[in-house]
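Structure, as structure tokens:
Numbers here are sequence positions counted from 1.
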Amino acid sequence: MKKHLAVLVWAAHPEQPHFCATPFFHAAAAAAMDIEVEIYFTNHAVRLLQRGVASALPSGPRERETVYTFMLQAAAHGAKFFACNHALEEHSLEMKDLIPEVSGIGGAASFIGRCMDDAWVTLTF
């Protein structure tokens with residue numbers, strides 16, 4: 001069984017909150033199974049890392065939890081969050097604007113490196 005998972009979040013973004021919780025639910029489940037999880041945020045999805053954005057997004061029609069709640073669960077299980085530098089620039093964001101759970105910068109080269117590594121499995125949302 002592989003023990004490494006890289007998740008690319010690019011289509012799940014604040015304008016479509018109903019798509020946003022799923023990547024983190026899967027990441028939390030994998031991390032709880034002692035799988036190393038890295039989540040890469042690119043395009044509009046990088047805005048989920050901006051302070052106050054995910055915490056204001058309901059995860060579904062019943063609005064019981066926010067998207068940030070699911071992000072916190074993934075982080076609590078050990079998932080690491082990486083922001084694409086280019087996406088940050090496109091949205092005029094800096095590291096100081098991001099939630100504390102962000103581990104650092106990780107863009108296309110980092111994610112492609114994981115895709116090409118036989119020890120890693122990848123998911124894209």
Closest contact, heavy atoms only, Ala45 versus Val9: CB-O, 3.2 Å

Between CD of Glu65 and CG of Leu57, what distance do you get to the nearest 0.5 Å? 13.5 Å

Distance-minimising heavy-atom pair for Ala83 and Val46: CB-CG2, 3.9 Å

Evaluate whether atom NE2 of His44 has more than 12 neighbouring non-hydrogen atoms of other residues, nucleotides or ligands under 6.0 angstrom away. no

Excluding Met116, membership of its hydrophobic cluster (Ile, Leu, Val, Met, Phe, Trp, Tyr; side-chain heavy atoms within less than 4.5 Å) reads Ile112

Just wondering, do Val7 and Thr122 contact through their side chains at under 4.5 Å, heavy atoms? no

Between Phe82 and Trp10, is there shared hydrophobic-cluster membership here, with clusters defined by ILVMFWY side-chain heavy atoms closer than 4.5 Å? yes

Is there a chain of hydrophobic side chains (I, L, V, M, F, W, Y, each step under 4.5 Å between heavy atoms) that links Ile39 to Leu5? yes

Is the shortest side-chain heavy-atom distance between Phe41 and Phe81 below 4.5 Å? yes

Do Thr42 and Leu8 have side-chain heavy atoms sitting under 4.5 Å apart? yes

List, one per line, each side-chain donor-acceptor pair under 3.5 Å for residues 14-38, sequence neighbours excluded.
{"residue": "Glu15", "atom": "OE1", "partner": "His13", "partner atom": "ND1", "Å": "2.8"}
{"residue": "Glu15", "atom": "OE1", "partner": "Arg47", "partner atom": "NH1", "Å": "3.2"}
{"residue": "Glu15", "atom": "OE2", "partner": "Arg47", "partner atom": "NH1", "Å": "2.7"}
{"residue": "Glu15", "atom": "OE2", "partner": "Arg47", "partner atom": "NH2", "Å": "3.0"}
{"residue": "His26", "atom": "ND1", "partner": "Thr22", "partner atom": "O", "Å": "3.0"}
{"residue": "Glu36", "atom": "OE1", "partner": "His4", "partner atom": "ND1", "Å": "2.8"}
{"residue": "Glu38", "atom": "OE1", "partner": "Tyr40", "partner atom": "OH", "Å": "2.4"}
{"residue": "Glu38", "atom": "OE1", "partner": "Arg114", "partner atom": "NE", "Å": "2.8"}
{"residue": "Glu38", "atom": "OE1", "partner": "Arg114", "partner atom": "NH2", "Å": "3.4"}
{"residue": "Glu38", "atom": "OE2", "partner": "Arg114", "partner atom": "NH2", "Å": "2.8"}

A side-chain contact here means heavy atoms from C-beta on lying under 4.5 Å apart; do Phe70 and Leu72 qualify? no

Acceptor/donor pairs from residues 99-109 side chains to any protein atom, 3.5 angstrom cut, sequence neighbours excluded:
{"residue": "Glu101", "atom": "OE1", "partner": "Tyr68", "partner atom": "OH", "Å": "2.8"}
{"residue": "Glu101", "atom": "OE2", "partner": "Tyr68", "partner atom": "OH", "Å": "3.1"}

OG (Ser59) and CE (Met71) are apart, to the nearest 0.5 Å, by 12.5 Å

Does Thr66 use its side chain to pair, donor to acceptor, with the backbone of Ala56 at less than 3.5 Å? no

Gap between atom NZ of Lys96 and atom CZ of Arg51 - 0.5 Å precision: 10.0 Å

Rounded to the nearest 0.5 Å, what separation is found between the CG atom of Asp117 and the NZ atom of Lys2? 8.5 Å

Worked verdict on Leu88 versus Leu49 for side-chain contact (heavy atoms from CB on, under 4.5 Å): CA-CA 10 Å; Leu88 289 174; Leu49 299 176; 5.8 Å; no

If two hydrophobic side chains count as joined below 4.5 Å and joins carry through other members, does Leu48 share a cluster with Phe125? yes

